[in-house]
2 protein chains.
Amino acid sequence: MTTLNRPGAPDGHACGIDTAMEVIGGKWKVLLLWALHEHPCRRFGELRRLLPGITEKVLASHLREMEADGVVRRVSYDEVPPRVEYSLTEDGTRLNDALRPLAAWGRARPAVRRSG
Amino acid sequence: MTTLNRPGAPDGHACGIDTAMEVIGGKWKVLLLWALHEHPCRRFGELRRLLPGITEKVLASHLREMEADGVVRRVSYDEVPPRVEYSLTEDGTRLNDALRPLAAWGRARPAVRRSG
DNA sequence: GTGGGTGGTTACCCTGAGGTGAGCGAGCAC
DNA sequence: GTGCTCGCTCACCTCAGGGTAACCACCCAC
């Protein structure tokens with residue numbers, strides 16, 4: 001999205017929305033957020049199995065971006081075979097909470113056609 | 001996003017999130033939502049001017065999709081020159097409200113680097 | 001006749017997110 | 001020595017969303 005030049009928006013929320021949208025903008029990021037909320041401290045392979053359909057490449061890049069965004073914490077143990085554990089940061093948990101109303105809206109909405 | 005096959009998520013919110021993400025997934029949709037919230041009943045040209053940078057094509061297609069999604073109402077007056085007015089539906093207003101926590105999260109978050 | 005404004009539509013191109021498949025380095029089981 | 005696991009990385013390709021620009025039908029002002 002790059003910088004959104006929200007038009008009028010005096011104290012508007014659009015300015016915050018774009019930040020959030022950048023963070024959750026990836027195809028699997030909300031799922032990842034949710035998975036890490038449900039299962040704290042998950043390993044790469046476990047996450048892959050939790051999100052059937054995601055590829056290693058995308059999982060790795062999403063995790064990396066979310067780590068850079070400060071919503072995911074990555075802990076690497078120097079063992080062999082390698083072990084890496086991912087968990088939500090406090091900010092990530094707050095983000096997850098902030099998504100609740102949106103999820104509720106999605107669930108509560110009237111029957112939508114448009115799916116075809 | 002198509003159908004998200006949320007992994008474990010028993011009563012999880014991911015199932016609602018994907019619905020919401022489909023609706024607000026367009027590049028300008030949250031801005032449009034916000035613009036229509038701030039200025040109810042706007043015409044096509046006014047919206048275009050409110051969102052500097054958006055093209056007619058994208059504005060038209062976004063409005064059409066949001067209308068199909070039931071968040072935007074389109075009223076066409078049979079005049080000349082043609083006049084069409086767009087406004088939020090109740091559901092659109094609720095969606096906007098549901099975005100507030102997300103916007104608050106975006107505004108309140110600690111300094112992010114990664115912006116480049 | 002020319003230009004401006006109305007609300008769009010159409011055809012085309014381009015970028016980037018995401019998918020595909022292969023490989024790597026280390027140790028352990030066999 | 002072969003193959004398995006683990007956590008990635010790399011090169012390549014696809015495809016859809018979005019940008020560009022021209023055009024339509026209508027009327028008015030100049």
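Any value given below was found using the heavy atoms of this structure, including those in side chains, with hydrogens, waters and symmetry copies removed. The chains referred to below are lettered A, B, ... by the order of the sequence lines, with proteins before strands, and numbering in each begins at 1. Note that the structure is predicted; figures quoted are calculated from it, not measured.
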Restricting both atoms to N or O, compile the protein contacts to nucleotides 28-30 of chain D shorter than 3.5 Å, with distance only.
none

Name all residues meeting the salt bridge (charged side-chain N to carboxylate O under 4.0 Å, His left out) criterion together with A/Arg48; count only those two or more places apart in sequence or in a different chain, and write none if there are none. A/Glu56
Between NZ of B/Lys29 and C1' of D/dG17 the distance, given in whole Å, is 11 Å
Nearest 0.5 angstrom please: A/Trp34 CH2 to A/Leu99 CG, how far? 10.5 Å
Which comes earlier along DNA chain C counting from the 5' end, the contact point of A/Val80 or that of A/Val58, where each point is its nearest nucleotide? A/Val58
Closest approach of A/Arg49 and A/Pro52, non-hydrogen atoms and distance? O-CD, 3.9 Å
From CG of B/Asp78 across to P of D/dC26 the rounded distance in Å is 12 Å
Looking at every non-hydrogen atom in both residues, tell me the closest pair between B/Leu50 and B/Ala35 and how far apart they are. CD1-CB, 4.4 Å
Atom CD1 of A/Ile54 and atom P of D/dG7: how far apart are they, to the nearest Å? 14 Å
For A/Val75, the hydrophobic cluster (side chain heavy atoms closer than 4.5 Å, chained through members) also holds A/Tyr77
In whole angstroms, the gap separating P of D/dG7 from CD of A/Glu79 amounts to 10 Å
Nearest-0.5 Å distance, NZ of residue A/Lys29 to CD1 of residue B/Ile17: 14.5 Å
Taking 4.0 Å as the cut-off, does a side-chain nitrogen or oxygen of B/His62 come that near to OP1 or OP2 on D/dG18? yes
Minimum side-chain heavy-atom gap B/Leu59-B/Trp28 below 4.5 Å: no
Closest approach of A/Cys41 to A/Ser87 (non-hydrogen atoms, all atoms of both residues): N-CB, 3.9 Å
Between the two end axes of the helix from C/dG1-D/dC30 to C/dC30-D/dG1, each built from 5 base pairs, what angle do you get to the nearest 10°? 30°
Which pairs, protein N/O on one side and nucleotides 6-9 of chain C N/O on the other, fall under 3.5 Å?
{"residue": "C/dT6", "atom": "OP1", "partner": "B/Arg49", "partner atom": "NH2", "Å": "3.1"}
{"residue": "C/dT6", "atom": "O3'", "partner": "B/Arg43", "partner atom": "NH2", "Å": "3.0"}
{"residue": "C/dT6", "atom": "O3'", "partner": "B/Pro82", "partner atom": "O", "Å": "3.4"}
{"residue": "C/dG7", "atom": "OP1", "partner": "B/Arg43", "partner atom": "NE", "Å": "3.0"}
{"residue": "C/dG7", "atom": "OP1", "partner": "B/Arg43", "partner atom": "NH2", "Å": "3.3"}
{"residue": "C/dG7", "atom": "OP2", "partner": "B/Gly45", "partner atom": "N", "Å": "3.2"}
{"residue": "C/dG8", "atom": "OP1", "partner": "B/Arg74", "partner atom": "NH1", "Å": "2.4"}
{"residue": "C/dG8", "atom": "OP2", "partner": "B/Arg74", "partner atom": "NH1", "Å": "3.4"}
{"residue": "C/dG8", "atom": "OP2", "partner": "B/Tyr86", "partner atom": "OH", "Å": "2.6"}
{"residue": "C/dT9", "atom": "OP1", "partner": "B/Arg64", "partner atom": "NH2", "Å": "3.4"}

d(CE, B/Met21; P, C/dG18) in whole Å: 10 Å
Hey, could you give me each pair passing salt bridge (Lys or Arg N to Asp or Glu O under 4.0 Å) that has a residue in residues 81-95 of chain B? Not counting sequence neighbours. A/Arg109-B/Asp91, B/Glu79-B/Arg83, B/Arg83-B/Glu85, B/Asp91-B/Arg94
Hey, what do you get for CE (B/Met66) to CG (B/Leu95), rounding to the nearest 0.5 Å? 7.5 Å
Euclidean distance, A/Arg42 CZ relative to A/Leu63 CG, rounded to 0.5 Å: 13.5 Å
